[in-house]
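What follows is a set of notes on a single structure, which appears directly below.
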Amino acid sequence: MNTGKFPEISYKRAVLKKMSSITQNMKPGVEAATIKLEDVTMVMSSNCILEWFSGCEGFYLQKTINALMEQGGVPKGIQLEWNLPEKYDERNLGKKMSKFNLEAKQRNLPILQCRVYKGKTTDAILNLTVIGISKRQFSLKAIQPGMDIVMAGTVGCGATALLSSIYETELREKFPATFVRECQEFWKMLSIEKAVDIAMKYPLTYIHQVSDGGVFGALWELGSGCDQGVQVDVKKFPVWQHSIEVAEFLDANPYTIEGTGAVLFVCEDGEELVQELQENNIMSGVIGQMTDNNDRIVSNADENRFLEPPRGDGIYELLQKHSQK
């Protein structure tokens, strides 16, 4: 099984079929859960750090915050749960906690709770939960055929940031130093907060962040979540050539690899939203529409292809490959 998100068909068999009831929060591809209280709606999103690399604390924290924003969430605090090998060095945990605390402080988020366990695991595993308050909720049921799909942010943004740092030496042997430095600037583009704040002024129907499985994975999840199809044109996807070059150099598909930093909006008329996003220097475009069937189709010139369910994310293989050098 590929590292990353559990395959959708396996998730449906092992999780959904065992549930007595299924809420929107349990749908494949829904990244945040909401709880409606008397006068406020709480929203939570979780992530699991499976692979440790330089900068992973900030990367996974931002990825989890982005997921919270799918349900109009404003982050208020963080909960951590560590699972450590039985002989794990206390100093290593201290170093990881210091880095994570710094990332949390930079985002003005308190760490509300931190629990640490030891057990039968070969490396440290961190379960990270961001808790917040929802300003506005979105429903998959409200999505209708013919609605526009707007993409804000660029293809392969997260992968470009990670790989240009981890594979810096290899990339410098192929590309100019200025190109590599520009790729590393993608670390500053991982938050979707600005794009979401702009989009929230419009009559949005749904928000879905791009993360594991890239933009193709996010489009599949969007269609699967609302039991509809999507028809998109790859030539309309906002993308930096840097991301294409880095992915191809490492033999990866930029459309199916880590896409944190981009987000999909579903709305009635996306052109006005795109105009304001672009006026605020956010790459964006209407990339396609929802359809009244279950086909998920990507067009490229005169050629059409069907999307496939996400099967993990190639970023993990590249991270593991580099760590073994």
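Basis for what follows: all heavy atoms, side chains included, without hydrogens, waters or symmetry-related copies.
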Just checking [X]: does its [atom1] atom have more than 12 heavy atoms from other residues, nucleotides or ligands closer to it than 6.0 angstrom?
X: E272; atom1: CD; value: no
X: E303; atom1: CD; value: no
X: E90; atom1: CD; value: no
X: E193; atom1: CD; value: no
X: K99; atom1: NZ; value: no
X: K236; atom1: NZ; value: no

Is the closest side-chain heavy-atom distance between [X] and [Y] below 4.5 Å?
X: K135; Y: D197; value: yes
X: W187; Y: L162; value: yes
X: D148; Y: F265; value: no
X: F179; Y: V246; value: yes
X: K118; Y: L84; value: yes
X: L318; Y: I166; value: no
X: V150; Y: L277; value: yes
X: M69; Y: I207; value: no

Path from [X] to [Y] over hydrophobic side-chain contacts below 4.5 Å:
X: L163; Y: I244; result: yes
X: M42; Y: M44; result: yes
X: I125; Y: Y316; result: no
X: M200; Y: L68; result: yes
X: V74; Y: F138; result: no

Working to the nearest 0.5 Å, report the span between [atom1] of [X] and [atom2] of [Y].
X: I257; Y: I315; atom1: CD1; atom2: CD1; value: 4.0 Å
X: E182; Y: Q241; atom1: CD; atom2: CD; value: 12.5 Å
X: N253; Y: E248; atom1: CG; atom2: CD; value: 9.0 Å
X: N66; Y: H208; atom1: CG; atom2: NE2; value: 12.0 Å
X: S54; Y: E168; atom1: OG; atom2: CD; value: 10.5 Å
X: C114; Y: F100; atom1: SG; atom2: CZ; value: 9.0 Å

CA sep, side-chain torsions, deciding dist, call: I192, V210, side chain to side chain contact (heavy atoms under 4.5 Å, CB included): CA-CA 10 Å; I192 63 172; V210 181; over 6 Å; no

For the pair L126 and Y60, evaluate side chain to side chain contact (heavy atoms under 4.5 Å, CB included) and give the outcome as yes or no after the intermediate values. CA-CA 10 Å; L126 175 62; Y60 276 95; over 6 Å; no

For [Y], is there any backbone N or O sitting under 3.5 Å from a side-chain donor or acceptor partner on [X]?
X: S224; Y: W220; value: no
X: S134; Y: Q71; value: yes
X: R107; Y: L61; value: no
X: Q278; Y: S284; value: yes
X: Q79; Y: L112; value: no
X: W82; Y: L93; value: no
X: N83; Y: G119; value: no
X: Y167; Y: L250; value: no

Check step by step if salt bridge (charged side-chain N to carboxylate O under 4.0 Å, His left out) holds for E185 and R181. CA-CA 6 Å; E185 289 292 306; R181 285 197 298 270; over 6 Å; no

Minimal non-hydrogen separation, [X] against [Y], with atom names:
X: I282; Y: A152; value: CG2-CB, 4.1 Å
X: A161; Y: L190; value: CB-CD2, 4.4 Å
X: E258; Y: K63; value: OE2-NZ, 2.6 Å
X: V155; Y: P254; value: CG1-O, 3.1 Å
X: K235; Y: A301; value: CE-N, 3.8 Å
X: G270; Y: V286; value: C-CG2, 3.7 Å

Give the intermediate values and the outcome of side chain to side chain contact (heavy atoms under 4.5 Å, CB included) for residues I287 and L264. CA-CA 9 Å; I287 63 171; L264 303 177; 4.2 Å; yes

Could you work out the complete set of other residues in the hydrophobic cluster of M189, with links drawn between I, L, V, M, F, W and Y side chains under 4.5 Å apart?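 Members besides M189, by chain and number: F186, W240, M283.
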
Would you say S299 and Q231 are linked by a side-chain donor-acceptor pair, where the criterion is simply a distance under 3.5 Å? yes

Between T129 and S46, a side-chain donor and acceptor under 3.5 Å: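 Side chains of T129 and S46: pair found under 3.5 Å.
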
Among P176, S165, S164, whose side chain to side chain contact (heavy atoms under 4.5 Å, CB included) with L171 holds? S164

Criterion side chain to side chain contact (heavy atoms under 4.5 Å, CB included) against C226, the qualifying member of K141, M290, Q144: M290

By side chain to side chain donor-acceptor pair (under 3.5 Å) - contacts of N293 (at least two apart):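 Result, side chain to side chain donor-acceptor pair (under 3.5 Å) vs N293: T291.
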
For Q228, all residues meeting side chain to side chain donor-acceptor pair (under 3.5 Å), sequence neighbours excluded: none

Evaluate salt bridge (charged side-chain N to carboxylate O under 4.0 Å, His left out) for R91 paired with D89, printing each intermediate quantity in order. CA-CA 5 Å; R91 290 171 295 182; D89 192 329; 2.9 Å; yes

Using 30° and 60° as the class boundaries, would you call the ring planes of F175 and F249 parallel, tilted or perpendicular?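 Because their plane-to-plane angle is over 60°, the rings of F175 and F249 count as perpendicular.
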
Mutual orientation of the aromatic rings belonging to Y255 and F216 [parallel < 30°, tilted 30-60°, perpendicular > 60°]: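 Parallel.
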
Please lay out, stage by stage, how T169 and R172 fare under the test side chain to side chain contact (heavy atoms under 4.5 Å, CB included). CA-CA 5 Å; T169 301; R172 284 180 179 271; 6.0 Å; no

